[in-house]
Amino acid sequence: MSKYREIKKLDFPAFESEVLAFWKTNRIFEKSIENRAGSPSFVFYEGPPSANGLPGIHHVMSRTVKDIFCRYNTLKGYQVNRKAGWDTHGLPVELQVEKTLGITKEDIGTKISVAEYNEACRKDVMKFTDIWNNLTEQMGYWVNLNDPYITYENNYIESLWSILKKLYDKGYLYKGYTIQPYSPAAGTGLSSHELNQPGTYKDVKDQTAVAMFQLKEAGSLAIDTDLVYALAWTTTPWTLPSNTALAVGEKINYVVVKTYHPFTFQLCAVILAKDLLSKYFKQEQAELAFEAYNAGDKLIPFEVLKEVKGADLKGLVYEQLLPFAQVDNGKAFEIITGDFVTTEDGTGIVHIAPSFGADDFKVAKQHGIGSLTLVDKRGKFLPEVNDGTFLYGEEFVKEAYLTEAEKEAELFIQKEKLSGIIKDTSKLTYLSVDERIILKLQTEGKLFKKEKYDHTYPHCWRTDKPILYYPLESWFIKTTAVKDRLVALNQQINWKPAHTGTGRFGNWLENLVDWNLSRSRYWGTPLPIWRTENQDETKCIGSLEQLNAEITVSIEKGYMPKGFELKDFHKPYVDEIILVSSTGEKMFREADLIDVWFDSGAMPYAQWHWPFENEETFKNNFPADFIAEGVDQTRGWFFTLHALSVLLFDGIAYKNVIANGLVLDKNGNKMSKRLGNVVDPFTTISKYGADATRWYMLSNSDPWDNLKFDIEGVAESQRKFFGTLYNTYSFFAIYANIDGFEFNPDKLTSVASRTELDRWIYSKLQSLVKKVTTHMDAYDPTPACRAIEEFVSDHLSNWHVRLSRRRFWKGEMNQDKQAAYETLYECLLVTSQLMSAFAPFFSDWLYKNLNGSAQSVHLTDFPKVNESAIDLVLEEQMEYAQIISSLVLSIRKKENIKVRQPLKQILIPLVDASIQQKIDHVKDLILAEVNVKQLNFVDAIDKSIKPNFKVLGKKVGAKMKAVAAAILLLNQQEIIQLETEGGLSLSVENENINIELADVEIVSKEITGYKVASQGKISVALDIELDEALKQEGIAREIISKLQGLRKEQQFEVMDRIQIKIEDHDYIKSAINQFKMYICTELLANDIVFESAESLNHTIEVDENTVRISIHKA
RNA sequence: AGUCUCGUAGCUCAGGUGGUUAGAGCGCUACACUGAUAAUGUAGAGGUCCGCAGUUCAAGUCUGCGCGGGACUACCA
């Protein structure tokens, strides 16, 4: 039986499943962890995917990145536990369930109970786990699927509660207001996720207004009129009754403009940004005389009175625009400054309604400005927004919330109320709140301008109605309290790529806001906070034990039924719990659930049910050495992990992180079901294999760059890299089996006694080990991958093996042959280890074929660099051999002389001594490779010189151009003088400049009478003259070549000996006689005899001569 | 709108600290090789290094301003 397995056909998916079966039966993954018991651990956290969606090709990407570093570090001697996890809560799950059940949120509590609904979520979320597990297995991702953490489990939730309690005790948990997207039609707040559903932002045409806010005291502006207005633009006039401030940009220039009021025609002054002046006032108006103006004229004259900075306007107060209600929670009707103010559009003065805009809210808070919230949660004005004419109280602020019938009814009322304002109400159509407010402003002399405006506005993706920004009460984590620590500790994290850490993540931390935990939903982790109805007393529960103790008290008090036991920590069960306050009052749970990102950010603790169990395990597995996810997780998982560990321990949660890019389609478009450009990972893997897919992804570009996924690229990886490596192995196997070679590590030929070629590839191999180690330690997988690729294809296969072929097939086993086998064997074996993290299947297949044992490459130790075997001089020598061979071949090509024709000599013009010596070392290799008899060095006739800019530039600086020109003008004599004397004085621009040898590059280009080719410093001349002996040898080799082809055509075995009969043809006769021995050896022929042509059944073409011939097995 | 990022051959990508003929692989064309052959070699075609301005003796590389693609965040008067 053959020692080394030979297979006929390459079928990647087939051998991958073979390896997979081997892993399973022999528990290789488990062993790879068990084997490292007691070793230092390399801690990895699995970012949990959600199992309610199907895996895509991008999951193969991120999991490949995770897998390679875990595998690599295992081989490096670490114990690498990998606990899988599932993210199970959240909106996508709810949506999926609603879709399946055909219900909407409104049906919860009526058509379906909360308990049933959540039960449906629990089942649905793990729907695709089998498919996920299949992918995990097939792609070769090693992660422990047997004991995953699942975020909906009671133990997991209990850990979350405990962490929340710790934060609560530290004073980091509070309840407060923020402005959030809110859908009155659906009666619910919306998350950013929901707002980013396709189609939520729609183009709408809104009625906008520039309102005039009359200043109370314009004295500080020192102008001669008291009637001064600040102009502010709004696209949402319905927020004007809730206006409490105006914002200006501190550094923006404003102008005070004297003009007439456009509707009351009074002389007045208005303030707006200088940059926007031309938007409201045309040049022709400036030329009008104030005295000539008559009330009602179309063109109104104006004059810029003075220019001020925003900072000068700060603190000015104005009359309330629409006084329906008064502010009781702060200052009001004051000009403040805000950095978000621009002069892009509007007037450069921003109307601030703190209740209806996030920026407004923030800036108001900073300046102690109070708020008015004159709209309720239904989206209707409060009753007091009623003036009997324009506004009637308790009406929807957005037209879109009304049905057509309701509008009809409203119109009827409007016609009546507005009859005093609008002359002809018969043609009146329904006027929106916005339109009526503008009408009111106009009537009251507070309107400067109105116009329609096209912009995009977010809509509720479920009801299709426009959303409002509305103040909602939520629970927050005070992340801003530890902002400085978050920023400082981020410095300790090694981000790949670095800019994601400093840029995207760093900036995010710099602009941190408190973490809004609240979600008004059903399927998620309930907030463990109970409060009395008057909100005076709050309890945060941190464990089941504590909760049970509290429940006992409550049962005693009679607030809860006897025997109550909490079996499921979700809604609605937790809401049945009523606790007792210190004063004996009932306490109810705060209705919110918490943000699912808290679930995943707390996985370092909750995956172990810490702090209730596994104290040791937790300690040994915190923080993580390495995590990796898509860059879209920067402000998601990467942040929540970081935030929680800083809040809890003032430390980092992970030391190294790779934020990998997106996987796009081959045209660079995002993959989406809608475009139909989604790549199915299973199809790809089953067609090309997991290894080729993984290899393609990593070798193509750095993981943090976006990958344009092209299936052709996978095919290329398979062909190019795996194909070549397979070929190399199978070449080895064929001959090793013939020769009965067996690798014996105890009886190795010493490296020193091997041939230069062997020592060279061995040195290359050691350099490769070094490179791969360096790159992998730096979390740079792509250069590591490319280095392996280069080694296998360029160095091992295309140079070492190609040049060594004869050593394998010639003659009996001897020292040199032994060394050749050993060298190739070691290269293949080490390669299998180096590539094992990237291509876990093929590497194991290769390793086991070489080893003939049941051991897996994944249980071995990563190769250590043998520094002493790295011979850089040798590597350089071989580079010369490759360059010179390539040059000779290119001359042959140009001259149309085939490689089979031996040539007399290669001439190399004298270069410096060290290079000459290096070339001399590899002379024989070159001669054999290019089929030339001799290599000699000659003195060149023509030399050319050019400046070495890098060296010379430093020396002569600005005179560079002139000096360079002078050098190029040097003649042969001067060049030789420079060479022999080592220096030359040049006169440039009346100055003597001394040129040394190092300042220039001298190249020999021409050798009279020979064909020359050159690359860089090396030139090669080829003597292409043929004498009779060379011609005859050429013919002999031609015959050999043709007969080899015939052997193969006849399907003779490699080892078969043959008998040759050949036509007595003039063209070949003398060559055969002269080279009979040589020909016979090459062809494994016992003899060659001449016969008459008729008896021979084949023909071969030898240099355009047809020769009859026949061969048979001897 | 802001932040980050990318832009080099038809495609995928290399191009330390600035240095003068800008590279590789794939693809294409032609030729060769043929005891690894679904491999290999050689040659050829193919570039406004996104644009403009600046710094410099010298810019693919450094700076500024733009343009285009992508991601994230925000959504604004």
Side-chain angles (χ1 to χ4, degrees), chain A residues 10 181 192 195 201 208 232-236 239 246-247 338 340-342 344-353 357-360 455-458 469 497 499-500 502-508 511 630-632 634-636 661-662 664 666 668-670 699-702 704-708 710 712-713 716 719-720 723-724 726-732 734-735 782-783 786 789-790 793 797-798 801-802 805-806 808-809 885-886 889-890 892-894 896 898-900 946-954 956-964 1041 1044-1045 1047-1048 1052 1054 1082-1084:
Chain A
L10 206 58
S192 59
L195 222 50
Y201 282 88
T208 72
W233 181 59
T234 178
T235 57
T236 53
T239 60
L246 293 173
F340 57 90
V341 180
T342 67
E344 295 285 311
D345 44 24
T347 61
I349 300 175
V350 178
H351 140 64
I352 299 293
D359 277 339
D360 304 37
H455 65 146
T456 58
Y457 195 84
Y469 289 89
H499 62 76
T500 299
T502 53
R504 185 182 289 195
F505 194 64
N507 289 337
W508 161 260
N511 300 310
V631 66
D632 51 329
T634 306
R635 281 140 180 190
L662 268 79
L664 309 167
K666 65 174 178 179
N669 299 313
K670 211 172 172 176
S699 63
N700 184 69
S701 56
D702 288 321
W704 37 88
D705 286 340
N706 288 348
L707 173 69
K708 290 183 193 164
D710 186 356
E712 285 305 315
E716 190 185 318
R719 243 191 355 254
K720 187 101 179 103
T724 306
Y726 160 78
N727 264 332
T728 310
Y729 165 75
S730 87
F731 176 84
F732 166 81
I734 290 169
Y735 293 104
T782 303
R786 287 175 178 167
E789 207 166 66
E790 190 193 8
S793 120
S797 170
N798 283 340
V801 172
R802 201 154 56 82
R805 278 182 296 186
R806 293 185 74 81
F808 291 97
W809 76 63
S885 300
S886 162
L889 290 171
S890 91
R892 275 183 174 275
K893 161 75 191 160
K894 244 178 226 147
N896 217 355
K898 53 189 148 199
V899 181
R900 244 183 266 121
K946 66 174 188 177
N948 181 337
F949 282 89
K950 199 166 182 171
V951 177
L952 210 51
K954 291 204 173 82
V956 302
K959 285 190 281 293
M960 190 69 213
K961 267 183 185 151
V963 175
S1041 156
Q1044 292 287 20
R1047 270 190 71 122
K1048 206 166 175 188
F1052 289 4
V1054 174
E1082 286 296 308
L1083 289 166
L1084 291 181

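Below, chains carry the letters A, B, ... as their sequence lines are ordered, and counting in each starts from 1.
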> So, does A:Thr634 use its side chain to make a donor-acceptor pair with the main chain of A:Val631 at under 3.5 Å?
Replying inline: yes

> At under 4.0 Å, does any side-chain N or O of A:Lys708 touch on OP1 or OP2 of B:U12?
Replying inline: yes

> Looking across every strand, which nucleic acid part, if any, lies under 4.0 Å from A:Asn798 by heavy atom: base, sugar-phosphate, or nothing?
Replying inline: sugar-phosphate

>> Tell me the interatomic distance from A:Lys954, atom NZ, to B:C57, atom C1', rounded to whole angstroms.
In response: 14 Å

>> Base, sugar-phosphate or nothing for A:Arg786? Non-hydrogen atoms, less than 4.0 Å.
In response: sugar-phosphate

> Over how many whole Å does the gap from A:Arg504 atom CZ to B:U3 atom P extend?
Replying inline: 14 Å

> How long is the line joining NE2 of A:His499 and C1' of B:A71, in whole Å?
Replying inline: 11 Å

> Rounded to the Å, how far apart are A:Asp705 CG and B:C13 P?
Replying inline: 7 Å

> Between A:Asn700 and B:C13, does any side-chain N or O lie under 4.0 Å from OP1 or OP2?
Replying inline: yes

> Once you round it to whole Å, what is the distance between C1' of B:C11 and CG of A:Asn706?
Replying inline: 17 Å

>> Which nucleotide, if any, forms a Watson-Crick or G-U wobble pair with B:G60, using both distances under 3.5 Å?
In response: none

Using atom names, set out every protein N or O paired with an N or O of nucleotides 24-29 of chain B below 3.5 Å, distance rounded to 0.1 Å.
residue, atom, partner, partner atom, Å
B:G25, O2', A:Glu716, OE2, 3.3

> In whole Å, what separates the P atom of B:U56 from that of B:U3?
Replying inline: 29 Å

>> Once you apply a heavy-atom cut-off of 4.0 Å, does A:Tyr735 come out as touching a base, just sugar-phosphate, or nothing?
In response: sugar-phosphate

> Are A:Phe808 and A:Phe732 close enough that their ring centers fall under 6.0 Å?
Replying inline: no

> When the nearest nucleotide of RNA chain B is assigned to A:Asp702 and to A:Asn507 on a heavy-atom basis, which residue is associated with the more 5' position?
Replying inline: A:Asn507

>> What's the gap between B:G46 and B:U37 when it is taken at their C1' atoms, as a whole Å value?
In response: 29 Å

Kindly give the atom pairs (protein nitrogen or oxygen, nucleotide nitrogen or oxygen) under 3.5 Å for nucleotides 15-17 of chain B.
residue, atom, partner, partner atom, Å
B:U17, O4, A:Lys950, NZ, 3.2

> Can you tell which of A:Leu662, A:Asp702, A:Asn700 makes a side-chain contact (heavy atoms from CB on, under 4.5 Å) with A:Leu707?
Replying inline: A:Asn700

> With sugar-phosphate meaning primed atoms plus P, OP1 and OP2, does A:Lys961 contact a base, only sugar-phosphate, or nothing at under 4.0 Å between heavy atoms?
Replying inline: sugar-phosphate

> Looking only at atom P, what distance separates B:G25 and B:A45, rounded to whole Å?
Replying inline: 16 Å

> Looking at B:G19, B:C76, B:U37, which one has an atom nearest to any side-chain atom of A:Asn727?
Replying inline: B:U37

>> Please check this pair: side chain of A:Thr728 against backbone of A:Ser797, looking for a donor-acceptor N/O pair closer than 3.5 Å.
In response: no

>> Using atom C1' in both nucleotides, what's the gap between B:C4 and B:G41 to the nearest angstrom?
In response: 46 Å

> Between atom CG in A:Leu952 and atom P in B:G18, what is the gap in whole Å?
Replying inline: 18 Å

>> Of the options B:U42, B:A36, B:C13, whose atoms approach the side-chain atoms of A:Ser886 most closely?
In response: B:U42

> With nearest nucleotides of RNA chain B determined for A:Gly357 and A:Ala958 from heavy-atom distances, which residue corresponds to the more 5′ nucleotide?
Replying inline: A:Ala958

> Can you check side chain to side chain contact (heavy atoms under 4.5 Å, CB included) on A:Glu789 and A:Ser699, steps first, answer last?
Replying inline: CA-CA 9 Å; A:Glu789 207 166 66; A:Ser699 63; 4.0 Å; yes

> Taking the same atom, C1', in B:A43 and in B:C33, what whole-Å distance lies between them?
Replying inline: 14 Å

> So what does A:Gly713 hit on the nucleic acid, given a heavy-atom distance under 4.0 Å: a base, only sugar-phosphate, or nothing?
Replying inline: nothing

>> I'd like the C1' distance from B:A59 over to B:G70, given in whole Å.
In response: 27 Å

> Is the shortest heavy-atom distance from the side chain of A:Arg806 to the side chain of A:Glu1082 under 4.5 Å?
Replying inline: yes

>> Using modelled atom types and a 3.5 Å cut-off, is there a donor and acceptor pairing between side-chain atoms of A:Arg719 and backbone atoms of A:Thr724?
In response: no

> If we take the C1' atom in both B:G19 and B:C6, what is their distance in whole Å?
Replying inline: 27 Å

> Is there a Watson-Crick or G-U wobble partner for B:G18 with both distances under 3.5 Å, and which nucleotide is it?
Replying inline: none

> At under 4.0 Å between heavy atoms, what does A:Ile349 touch on the DNA or RNA strands: base, sugar-phosphate, or nothing?
Replying inline: nothing

> So among A:Val341, A:Ile349, A:Ile352, which one has a side-chain contact (heavy atoms from CB on, under 4.5 Å) with A:Leu246?
Replying inline: A:Ile349

>> Between A:Arg504 (side chain only) and A:His499 (backbone N and O only), is there a donor and an acceptor less than 3.5 Å apart?
In response: no

>> If I take atom OH in residue A:Tyr729 and atom P in nucleotide B:A36, what distance separates them, rounded to the nearest angstrom?
In response: 17 Å

> Quantified in whole Å, what is the P atom distance between nucleotide B:A22 and nucleotide B:G64?
Replying inline: 28 Å

> Looking at the side chain of A:Tyr469, which of B:A71, B:C75, B:A36 is the nearest nucleotide?
Replying inline: B:C75

> Which part of the nucleic acid, if any, lies within contact of A:Val963, taking any heavy atom under 4.0 Å across all strands shown: a base, the sugar-phosphate backbone alone, or nothing?
Replying inline: nothing

>> Checking base pairs now: Watson-Crick or wobble, both atom distances under 3.5 Å. What partners B:G68?
In response: B:C6

> Do the side chain of A:Ser797 and the base of B:A39 come within less than 3.5 angstrom through a donor-acceptor pair of N or O atoms?
Replying inline: no

> Starting at CG of A:Leu707 and ending at P of B:C13, how long is that distance when rounded to a whole Å?
Replying inline: 7 Å

